[in-house]
Every structure is written in C-alpha cells, then in structure tokens.
Amino acid sequence: QVQVVQSGGGLVQAGGSLSLSCVVFGRIIGGSPMGWFRQAPGKEREFVGAINWAGARTAYADFVKGRFTISRDNDKNTVYLQMNSLQPDDTAVYYCARGISSWTSRSTSDFDNWGQGVQVTVSS
C-alpha cells in the first residue's frame, strides 16, 4: 500500500519562507515525476510545480515567479518544496503527488498517490 506523508507548512508572515516535504512509502518514486499542487478555500486545486524523475528539470506555475524551488532525493523517496517571499495569496492547502504521465503535465488527472495536504497560511 502506497502512503504519501507530507510535513512542513504552518503560519508565516508575508515575505517569509516555508519548506514542505513529501515522503512516499510503499513505492519507489525514482522513475516518476513528482508534482506540487495547492487548493485555496472555494477554489479548484491548481498546479504549483513539478520535477522530472531525475530531478534535473523543473516547471512552475506563472504565479511562482522564481519564489519556489522543487527538489527531490530519490534515495530518500522524498520531494521538497521550498517557498520564499510568501504572500497572503499563497495561503492554501498544499499537496504533493506522483506523476503518471509526462513531467510537464499540469493536470491533476495525470497525478496519483496524493499526500494528505498541509496548510500554509501567510499573514499580511
């Protein structure tokens, strides 16, 4: 059984930073792209960014604007999301998931094995 456990998140002031982690149990992620998504209250889940299986290539949503960085450690079966210069609009529940299609895909339907989500709240 695959289990995806996320950690990190919390409350931060605008301009601050947070780091999220996502550990996958029961499945080796080394051959799969991994993605991060977020969902704010009353909104649909949206793509944040993704990383290819080797960690050599990443893609981000336009709103990231160089503030976030995705990395991975395949030996630890773990993916990371470093978020800097956070703004109140970044407040949402953040999810990681395993990609089942191209690493460039931004659709939730191209990802499975979702984490439980962690709350990120940015105060102004």
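What's counted below: heavy atoms across the whole structure, side chains too, no hydrogens, waters or symmetry copies.
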Mind running side-chain contact (heavy atoms from CB on, under 4.5 Å) on Phe68 and Asp90 for me, showing each step along the way? CA-CA 11 Å; Phe68 298 177; Asp90 294 316; 4.0 Å; yes

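- There is no path of hydrophobic side-chain contacts, each under 4.5 Å, that joins Tyr80 to Leu86.
- Val5 and Met34 fall into different hydrophobic clusters, where Ile, Leu, Val, Met, Phe, Trp and Tyr residues are linked whenever their side-chain heavy atoms come under 4.5 Å apart, directly or through other members.
- At most 12 non-hydrogen atoms from other residues, nucleotides or ligands lie less than 6.0 angstrom from CH2 of Trp53.
- In this structure, the separation between CZ on Arg57 and OG1 on Thr104 is 8.5 Å, given to the nearest 0.5 Å.
- Atoms OG and CZ, on Ser101 and Arg106 in that order, are 13.5 Å from each other to the nearest 0.5 Å.
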Criterion side-chain contact (heavy atoms from CB on, under 4.5 Å) on Val48 and Phe63, from CA distance to verdict: CA-CA 8 Å; Val48 174; Phe63 63 76; 4.1 Å; yes

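- Annotation for Gln116 and Val4: closest pair OE1-O, 3.5 Å, computed over non-hydrogen atoms.
- Between Arg38 and Asp89, the shortest heavy-atom contact is NH2-O, 3.9 Å.
- The CZ atom of Phe47 lies 10.0 Å from the CG atom of Asp62; values are rounded to the nearest 0.5 Å.
- Gln6 contributes a side-chain N or O that, together with a main-chain N or O of Cys96, makes up a donor-acceptor pair within less than 3.5 Å.
- Nearest heavy atoms, Leu18 versus Gly10: CD1-O, 3.9 Å.
- Residue Val12 is grouped with residue Trp36 when hydrophobic side chains (ILVMFWY) are merged at heavy-atom distances under 4.5 angstrom, including chains of intermediate members.
- Nearest approach of Gly15 to Gln87, heavy atoms of both residues: N-NE2, 3.9 Å.
- Cluster membership check: Val23 does not share its hydrophobic cluster with Val93, using side-chain heavy-atom separations under 4.5 Å among Ile, Leu, Val, Met, Phe, Trp and Tyr.
- Judged by distance alone, the side chain of Gln13 and the main-chain N or O of Val122 form no donor-acceptor pair under 3.5 Å.
- At least one test fails for Arg98 against the ring of Phe111: distance under 6.0 Å to the centre or angle within 45° of the axis.
- Side chains of Ser17 and Asn84: a donor-acceptor N/O pair is present below 3.5 angstrom, by distance only.
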Test side-chain contact (heavy atoms from CB on, under 4.5 Å) on Gln3 and Asn113 and set out the steps. CA-CA 7 Å; Gln3 186 177 13; Asn113 297 146; over 6 Å; no

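- Within the 3.5 Å criterion, the main-chain N or O of Asn77 finds no donor-acceptor partner in the side chain of Asn74.
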Are Tyr95 and Phe37 close enough, and set up right, to give a ring-ring contact (aromatic ring centres under 6.0 Å, His included), and what steps lead you there? CA-CA 5 Å; Tyr95 299 89; Phe37 290 77; 8.7 Å; no

Report the C-alpha distance between Met83 and Leu20 in whole Å, list the side-chain angles of each, state the deciding distance to 0.1 Å, and finish with yes or no for side-chain contact (heavy atoms from CB on, under 4.5 Å). CA-CA 8 Å; Met83 302 183 291; Leu20 307 183; 3.9 Å; yes

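- Judged by distance alone, the side chains of Ser105 and Ser107 never bring a donor and an acceptor atom under 3.5 Å apart.
- Residues Ala14 and Ser124 share a closest heavy-atom pair of CB-CA, 4.3 Å.
- Panel note: side chain Asp112, backbone Gly99; no donor-acceptor pair is recorded below 3.5 Å.
- The main-chain N or O of Ile29 is found under 3.5 Å from a side-chain atom of Arg72 such that the two form a donor-acceptor pair.
- Between the side chains of Arg67 and Ser85, no donor-acceptor pair is found at a separation under 3.5 Å.
- Linking Ile, Leu, Val, Met, Phe, Trp and Tyr whenever their side-chain heavy atoms come within less than 4.5 Å leaves Trp114 and Val24 in two separate clusters.
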